[in-house]
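Computed from heavy atoms alone, side chains included, the values below leave out hydrogens, waters and symmetry copies. Below, chain A is the first sequence line, B the second, and so on; all start at residue 1.
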Number of protein chains: 2
Amino acid sequence: MDRDPSAEKNCAAVSAVPPPPGLTPGQQAVLTALRQQPQPLSAQALHGVMAVQRSIGLATVYRALDLLKLLGLVQHRVTLSGETLYSVVEHDHHYLTCLQCGVSVPVETCPVQELVAHLQRTNSFRIYYHTLEFFGVCDRCS
Amino acid sequence: MDRDPSAEKNCAAVSAVPPPPGLTPGQQAVLTALRQQPQPLSAQALHGVMAVQRSIGLATVYRALDLLKLLGLVQHRVTLSGETLYSVVEHDHHYLTCLQCGVSVPVETCPVQELVAHLQRTNSFRIYYHTLEFFGVCDRCS
DNA sequence: TACAATATGATAATGATTATCATTCCTGAG
DNA sequence: CTCAGGAATGATAATCATTATCATATTGTA
Ligand SMILES: [Zn+2]
Ligand SMILES: [Zn+2]
Ligand SMILES: [Zn+2]
Ligand SMILES: [Zn+2]
């Protein structure tokens, strides 16, 4: 996919929320499929659910997810078992995870929005998303 | 065969801030080595720095780090490249990471302490540590 | 001392992710 | 319209941090 060099920075990459830029059909399909998932899921799991309706290579799914991250459309988090889970950036949920049994429970609140705005200014970073995870030992495991 | 009394079981004497339980010499060595590191580092890197003074197996380092996490003495975070970095829980630093070049800059503030206290009560979880990471694209990469 | 339980270390196995590379698709010039 | 260059794709091999194995060493206890 080659884009007009002069217009390179005008696409949706600038803001995290707006409509998708010039994505290929495969990349578009990955984004669409991810939007339909209620929970974050791994690249392989996503590849699994996509394969039902549309043939797509696993490597392409990985590559599309990487690109979508760079565009600020997709976020990731890593489980205790080392799997990377993906979700759309609109999904701002955080988790409390047991180090022993691995169970994860969602956390409702997110106290970092202000901090994001502050960092945005002081660091000349374009911030797309954040992860906030709590680790400990659950009731049953302690 | 009597052993040196000063080399008693449980090296509990070395402790300072948190009351360490009965750790084996190997586990204690891992904790001590980790405390001397100014930055979070991988299990393999820690194994490397430890090997200089004390022979220890890589598997033992991994196992000790896992145990120390369960004891609430050590925390972890995962880099973009998939490496797991370890540090003592007292090290409550967070990072802003570029999705393109991978550069990480530290963030000073941490706005989650109150939330931790609240979650502690409402979830019957014993919370040991948390990770807070921001992802985006740095100045030079955008 | 003898026994059971746990820790250790060397190494093989695992598995998610990446790299490779040949093929296909797209686009813009001529 | 046709062609060439560049990007995207897919199948597969390679990578590499982490785990599992398993034999040995250590520890605690009676
Ligand atoms: Zn648990
Ligand atoms: Zn949040
Ligand atoms: Zn960068
Ligand atoms: Zn913090």
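Going from atom CG of L65(B) over to atom P of dA7(C) covers 15 Å, rounded to whole Å. With rounding to whole Å, R63(B) atom CZ is found 10 Å from dT19(D) atom C1'. Atom NZ of K69(B) and atom C1' of dT19(D) are 13 Å apart (whole Å). Nucleotide dT19(D) holds its P atom 10 Å from the CG atom of L80(A), rounded to whole Å. Atom OH in Y62(B) sits about 18 Å away from atom P in dT21(D), given to the nearest Å. To the nearest angstrom, P of dT18(D) lies 12 Å from CG of L46(B). One interatomic measurement links the two molecules: CG of D66(A) to C1' of dA16(C), which rounds to 13 Å at whole-angstrom precision. Atom CG of L58(A) is separated from atom P of dT9(D) by 13 Å (rounded to the nearest Å).
In this structure, T32(A) and Q36(A) have side chains that are in contact, with non-hydrogen atoms separated by less than 4.5 Å. Annotation: side chain of Q113(A) is in contact with side chain of D92(A) (closest heavy-atom distance under 4.5 Å). Side-chain contact between L31(B) and L23(B): present, with at least one pair of heavy atoms (C-beta onward) separated by less than 4.5 Å. Between F134(A) and V116(B), some side-chain heavy-atom pair lies under the 4.5 Å cut-off.
Comparing dT9(D), dA16(C), dA17(D) by their nearest atom to the side chain of Q44(B) picks out dA17(D). Residue Q27(B) has its side chain nearest to dT8(C) when only dT8(C), dA8(D), dA16(C) are considered.
For the helix from dT1(C)-dA30(D) to dG30(C)-dC1(D), the end axes, each set by the C1' atoms of five terminal pairs, are bent relative to each other by 20° (nearest 10°).
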For residues 37-45 of chain B, which side-chain N or O atoms pair as donor and acceptor with protein atoms under 3.5 Å away, sequence neighbours left out?
from: Q37(B); atom 1: NE2; to: A33(B); atom 2: O; distance (Å): 3.1
from: S42(B); atom 1: OG; to: A45(B); atom 2: N; distance (Å): 3.0

Return a table of donor-acceptor pairs under 3.5 angstrom between the side chains of residues 50-65 of chain B and protein atoms on other chains or two or more places apart.
none

Every protein N/O lying under 3.5 Å from an N/O of nucleotides 22-26 of chain C:
none

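Place S81(B) and A59(B) on DNA chain C by their nearest nucleotides, and A59(B) ends up nearer the 5' end. With DNA chain C read from its 5' end, the first of the two nearest nucleotides for L85(A) and G57(B) is the one closest to G57(B).
In summary, the aromatic rings of F135(B) and Y129(A) are positioned with their centroids under 6.0 Å apart.
When every heavy atom of Q120(B) is checked against every heavy atom of R126(B), the shortest pair comes out as OE1-CA, 3.4 Å. The two atoms that bring L80(A) and K69(B) nearest to each other are CD2-NZ, 4.4 Å, heavy atoms only.
Among the protein residues, S42(A) comes within range of no part of the nucleic acid, since none of its heavy atoms lies under 4.0 Å from any strand.
In this model, the phosphate group of dG10(D) is approached by a side-chain N or O of T60(A) to a distance below 4.0 Å at OP1 or OP2. The side chain of T24(B) places no N or O atom within less than 4.0 Å of a non-bridging phosphate oxygen (OP1 or OP2) of dT27(D).
Under the 4.5 Å side-chain heavy-atom criterion for Ile, Leu, Val, Met, Phe, Trp and Tyr, V74(A) and Y95(A) are members of distinct hydrophobic clusters.
Of the residues in residues 47-56 of chain A, S55(A), I56(A) come within less than 4.0 Å of DNA chain D through at least one heavy atom, sorted by number.
The side chain to side chain donor-acceptor pair (under 3.5 Å) pairs that include a residue from residues 98-111 of chain A are T97(A)-S104(A), where partners are two or more places apart or lie in different chains.
Inspection of the H130(A) and H94(B) side chains reveals no N or O donor paired with an N or O acceptor under 3.5 Å.
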